[in-house]
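Everything below concerns the one structure shown next.
These numbers come from the heavy atoms of this one structure, side chains and all, not from hydrogens, waters or symmetry mates. Numbers restart at 1 for each chain; the letters A, B, ... are given by sequence-line order, proteins then strands. Note that the coordinates shown come from a computational prediction; the quantities given were computed from them, not determined experimentally.
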There are 10 protein chains.
Amino acid sequence: MIPEITQRLLAAKKEMKLSFADLEKILGRDEVWIAAVIYRQASASEEEATKLVEALGLGAAYAKELTQYPVKGLGPVVPTDPLIYRFYEIMQVYGMPLKEVIHEKFGDGIMSAIDFTLDVEKEEDPKGDRVKVVMNGKFLPYKKW
Amino acid sequence: MIPEITQRLLAAKKEMKLSFADLEKILGRDEVWIAAVIYRQASASEEEATKLVEALGLGAAYAKELTQYPVKGLGPVVPTDPLIYRFYEIMQVYGMPLKEVIHEKFGDGIMSAIDFTLDVEKEEDPKGDRVKVVMNGKFLPYKKW
Amino acid sequence: MIPEITQRLLAAKKEMKLSFADLEKILGRDEVWIAAVIYRQASASEEEATKLVEALGLGAAYAKELTQYPVKGLGPVVPTDPLIYRFYEIMQVYGMPLKEVIHEKFGDGIMSAIDFTLDVEKEEDPKGDRVKVVMNGKFLPYKKW
Amino acid sequence: MIPEITQRLLAAKKEMKLSFADLEKILGRDEVWIAAVIYRQASASEEEATKLVEALGLGAAYAKELTQYPVKGLGPVVPTDPLIYRFYEIMQVYGMPLKEVIHEKFGDGIMSAIDFTLDVEKEEDPKGDRVKVVMNGKFLPYKKW
Amino acid sequence: MIPEITQRLLAAKKEMKLSFADLEKILGRDEVWIAAVIYRQASASEEEATKLVEALGLGAAYAKELTQYPVKGLGPVVPTDPLIYRFYEIMQVYGMPLKEVIHEKFGDGIMSAIDFTLDVEKEEDPKGDRVKVVMNGKFLPYKKW
Amino acid sequence: MIPEITQRLLAAKKEMKLSFADLEKILGRDEVWIAAVIYRQASASEEEATKLVEALGLGAAYAKELTQYPVKGLGPVVPTDPLIYRFYEIMQVYGMPLKEVIHEKFGDGIMSAIDFTLDVEKEEDPKGDRVKVVMNGKFLPYKKW
Amino acid sequence: MIPEITQRLLAAKKEMKLSFADLEKILGRDEVWIAAVIYRQASASEEEATKLVEALGLGAAYAKELTQYPVKGLGPVVPTDPLIYRFYEIMQVYGMPLKEVIHEKFGDGIMSAIDFTLDVEKEEDPKGDRVKVVMNGKFLPYKKW
Amino acid sequence: MIPEITQRLLAAKKEMKLSFADLEKILGRDEVWIAAVIYRQASASEEEATKLVEALGLGAAYAKELTQYPVKGLGPVVPTDPLIYRFYEIMQVYGMPLKEVIHEKFGDGIMSAIDFTLDVEKEEDPKGDRVKVVMNGKFLPYKKW
Amino acid sequence: MIPEITQRLLAAKKEMKLSFADLEKILGRDEVWIAAVIYRQASASEEEATKLVEALGLGAAYAKELTQYPVKGLGPVVPTDPLIYRFYEIMQVYGMPLKEVIHEKFGDGIMSAIDFTLDVEKEEDPKGDRVKVVMNGKFLPYKKW
Amino acid sequence: MIPEITQRLLAAKKEMKLSFADLEKILGRDEVWIAAVIYRQASASEEEATKLVEALGLGAAYAKELTQYPVKGLGPVVPTDPLIYRFYEIMQVYGMPLKEVIHEKFGDGIMSAIDFTLDVEKEEDPKGDRVKVVMNGKFLPYKKW
């Protein structure tokens, strides 16, 4: 399921003891987006790809592949991995409430998943640290014609 | 698919010309959570249910039902509504990158979808307003035994 | 599967002997979009809804419902109706070639299905008339962050 | 999922720095149809296959394979790739309205997906370029017997 | 699953002790096509519908419904009824061999299921009568463009 | 999906420039049945297998495999190949009408898919040649006990 | 899921304190077959239906319905009821071994599920009684043509 | 789908011209159970495995694998092979009647598929030989607690 | 999805302010089993049903229904309710490890889900109370025959 | 389906004649958790991984892989292996009763499958040994916000 290039890049990243936060500094791009490039869910420019591949100590052949436009998607309809499933569950439980609130604030339309950013932050908390995931997408109103 | 009580409450809310933001002020709870109560995806305390039902000008019988523990979930495996589907797509496209970054920051475990909050904000932008969705869940490390 | 209001509006349209092309002239909106409103896949403004309902000789209560933001989608994963299935088949057969050509012309991104119009034209042809379906959607490039 | 011959041809096309538009000129066939041949969703004549393979600088063995009648179809029931999914969504949202309008204009029958052409055009627009997809299929009335 | 009008027409047919072969004579249409009209899988002309409904001793309101263009299809993906399943099994077992032979005889294309007739005959045989099903569809060659 | 032996036999058949009709004459069996043997959906006798393999200029090892009783079936629940899908669609649209007519002619039971033959004929027609598919199966009445 | 007539007949059977074994004596048919008639999975002759309905103290209208040819099948793809699931599991675990042994004894073909009987016997056993299910179907060899 | 060891054992069995009935005599176990061991749906004792492997003229390494506890099951939800499908169909058609009769004879509970035997017999019949399949499982009453 | 009788019994239980623990004392049966009877997943004896119905202040007609042998199962293949899903996830994550450990301790066989009890206990814990679920089923070794 | 490292470790464990109970003593961790590490459903610390790999007489390269955070889950939606299926059946039959009892004891929330332990015990019993499975998870109350 996981493409070979992804496994190679992750192994190199481990060897180089580089975190995604380190790569964020090197590339000037968010760590989640960089992880998406590594998983072949996003395409990099030639410059970004070269910087990334060099940081990981790999040859230029890898960079070329990272600039291609990938066929995207995870595969299994309902994810079995517990971490990923929780995001599926959030949609199952809070999907309709979210729809109501977004429509009330914005009208008929959707939040773009393309003109879109996704950030992860660690919120330290004595009762247990918290994961903060921030999604930010352009509102796209339905066109009438 | 949408329970009858939900339809009644949404109709009353419309009649009373109350927004979710108005209900947020009345109940002292976030608008997304209130929408989740109305969609029978969350259970209210007796006090919260009474406040909500009174604000909507409805009888006490409705309040009782809102305190019960619902069977949760949206139903269709892959949602067809475009607004909700985008959240499914985000999981398909960014699920694995998200997993990598969360594990790197926190170790093996998940973001809770139970000890969890969800906020929607409108970010005004001259190039088109943006939807900001903030998820905040406790990190739960895998127990070893 | 087909909502009651849709059945009522279509029956009224038949009784009034109005074609979608007639409604197009009355509303100043495309016939496919009007059909989408009738099928509760698109939401009308109050003015549009009133014009439509009056043209069909129906009461104002119907107009109100047409302004609401619907839960969208057809339902069955693979459509069994032969006319609709052909569009599914087009995606099965020409989906990947289309993806290649669009990426080559525009880069990484998608054609919006929201900032989008859809027209149907009849092309007369002695060897058998032809259906011309024109889809027109804004190109949305993937944001990097 | 993507056949080996497709990968080879696309790699050669990249190396030769040929666009689909270039191939359109060389073969005298539309670029989408050429992409369909490359993805093994359409079969070429010997002459077309030879021209294509020569343009890509590859041996005649490839040409032979391109003339065979392929087993067609993309595979996954609901596509996960966002670009392809949007076409699935269009069918989910606008499928029934389209059916109504086509039946009104043509009677009972379908738009052929076999006697069918598919074009992609880039419409430049200061607010963001637009993708124009034109489908053109013979109307096939249901035979009675 | 079976529409109400179908149940009414079949009950009336039973009461009138009319076989499909009788209806074939009255309408001048094949019995399978008439059964398809009754099951709302095909649409009749006003004249055909009137003849059919009168033969069954029913009011004109039924005729009107039979002229409408139905949403077609049986529903369950894999049929459980043994008689219908056998046709699914034939496609599972002989689908690819059929494809090979048709392509060899006709080239790349399909047998139309629209410009299509279907007949059932009873072949008497001392070892057990045989069901003969004859499908006849126009060959549609794939268009190149 | 397609077994290796099938690919080998089809390639040899192509090389020998033999049509299925030629093989029909050599084996004294119908071309569809021979295609079914090649696709490992039917088992041949030793004599039939030997004749077939010799005609294709292949060694005796292939003959042996063709005499084994295969695990039958195409695989995908809903076929995506347009030619094969049309037969699935015929069952979706005409399945229930067919059931009615067969039951009326024969009583409760099914058409056998085992004591069964399948022929394909080309019917020349100036308006476009037609594919004629003849299915012939023994009627099996339900046993009562 | 369970048809209304089935519920009526089972309730009457309970009221009359008749076991399936009692009905077996009255009708001269096996109790499993009678249960299949009651569940509308088999069709009775007029005489059988009349005897059954009279034994249950019900009116003749019920008898008529039992003579019709039903649409057969249980519905859910994988049964959730534990008793029925065990038969599904037997097919999952012993299906291929059974296929091997039947082919070895009989050649290529199947056991008919139409020319078929099914009996249930109780085998008393001090270590726990045993259920004995005997299936008996005609072997149908694959026809070659 | 079929494990490699199964293919090896079946090939050896063919070479040795041993039937399952022969193996039944050698092992003192039923032929269906032996076929289940070969298909890795049942686990043999070391002694049984050694006898089986020796009879097939194979090395001891194979015996070891046959003593392991396998992950059981056929795989595809609805089997496409016609012989195996008939058993699925029997459950679809006669599942509920069987449930009724078993409950009436035994009370609430199930037939075990673990403390269970399965035999196949050939019943010669001038009208066509018959397959007799005998299932025999311990009745397990539901425990109350 | 939830049967009407279940809703009635749960409403009565609420009205009577009886907990499952109270019912456990009244019936002398475990609270989970009693909940299973109320959800029509288990059948009660006449005496148990009468006690339960009387405790809930309902008429004898309800008792009768509770003694019948229900068609069991929850319905949706993958549960969407988060509480129930966690048990599905446990099987997804720990299913194979569990299988290994059980086989090592007991040999080839299964844990019965019929001769089986299920208890829920509340374990108080200052860091957050814990749910303890104890499953206890008879080991059933695979029979050889 | 089963990862290669799992097969290697299980083979080594067999060779070393170590039971999971032995490994429990060596690692100071429960045998089910150790089996989960081996099946790549849980991640070990470096120390734990080293101890485990050394006990199995394998090189340090294996230890490294066991410390990585795996993509978790079994795969098939409904398990076909009878031992694992029984746990799925328990959820199908007792899922809703369990939900009722847990909610009554704890309020709205779930049992964690992350802050969770799972033990298997053998309970000797003259009528047949029993499998005791103890699940113990932290109760997580739904957060309101």
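Proximity to chain G (any heavy atom under 4.5 Å) is restricted, for Leu10(H), to the side chain, taken from C-beta onward. Residue contact with chain G, scored on non-hydrogen atoms closer than 4.5 Å, involves the side chain of Tyr39(H) exclusively. Looking at Glu104(G), the atoms closer than 4.5 Å to chain H (heavy atoms on both sides) all sit in the side chain, from C-beta outward. In this structure, chain G has heavy atoms under 4.5 Å from both the backbone and the side chain of Phe116(H). With a 4.5 Å cut-off on non-hydrogen atoms, Pro79(G) touches chain H through its side chain but not through its backbone. The contact between Ala21(H) and chain G is made entirely by backbone atoms, counting heavy-atom distances below 4.5 Å. Contact annotation for Leu118(G): only side-chain heavy atoms (C-beta onward) come within less than 4.5 Å of a heavy atom of chain H. In this structure, chain G has a heavy atom under 4.5 Å from the side chain of Lys13(H), while its backbone stays farther away. Neither the backbone nor the side chain of Asp125(G) comes within less than 4.5 Å of any heavy atom in chain H. Contacts of Ile90(H) with chain G are made by side-chain atoms alone, with heavy-atom separations under 4.5 Å and no backbone atom involved.
Of the possible donor and acceptor atoms, none in the side chain of Arg130(H) sits under 3.5 Å from a partner among the backbone N and O of Glu123(H). A donor-acceptor contact shorter than 3.5 Å is absent between the side chain of Arg40(H) and the backbone of Ile2(H). At distances below 3.5 Å, not a single donor-acceptor pair connects side-chain atoms of Thr67(G) with backbone N or O atoms of Glu46(G). Of the possible donor and acceptor atoms, none in the side chain of Arg86(G) sits under 3.5 Å from a partner among the backbone N and O of Ile114(H). A donor-acceptor pair is defined here as one N or O able to donate and one able to accept, closer than 3.5 Å; no such pair exists between the side chain of Gln68(H) and the backbone of Ser43(H).
Across Lys138(H), Lys132(H), Lys72(H), Glu31(H), the residue that shares the most heavy-atom pairs under 4.5 angstrom with chain G is Lys138(H). Comparing Val134(H), Leu98(H), Val93(H), Asp119(H) by how many heavy-atom pairs each has under 4.5 Å with chain G, the most go to Val93(H). In terms of non-hydrogen atom pairs under 4.5 Å with chain G, the most contact-rich of Phe20(H), Tyr85(H), Phe139(H) is Phe20(H). Per-residue counts of heavy-atom pairs under 4.5 Å with chain G were compared for Lys127(H), Glu121(H), Met111(H), His103(H); the largest is that of Met111(H). When Ile34(G), Val78(G), Ile102(G) are compared by the number of non-hydrogen pairs under 4.5 Å with chain H, Ile102(G) comes out ahead. When each of Leu83(H), Val131(H), Val133(H) is checked for heavy-atom pairs under 4.5 Å with chain G, Val131(H) comes out on top.
With 3.5 Å as the limit, one finds no donor-acceptor pair spanning the side chains of Glu89(H) and Tyr94(H).
Interatomic distance, Glu47(G) CD to Lys51(G) NZ, rounded to the nearest 0.5 Å: 5.0 Å.
Under the 6.0 Å distance and 45° angle rule, Lys122(G) counts as a cation-pi partner of Phe106(H).
The pair Arg29(H)-Glu48(H) meets the salt-bridge criterion, since a charged nitrogen lies less than 4.0 angstrom from a carboxylate oxygen.
Counting non-hydrogen atoms of other residues, nucleotides and ligands closer than 6.0 Å to NZ of Lys14(G) gives a total above 12.
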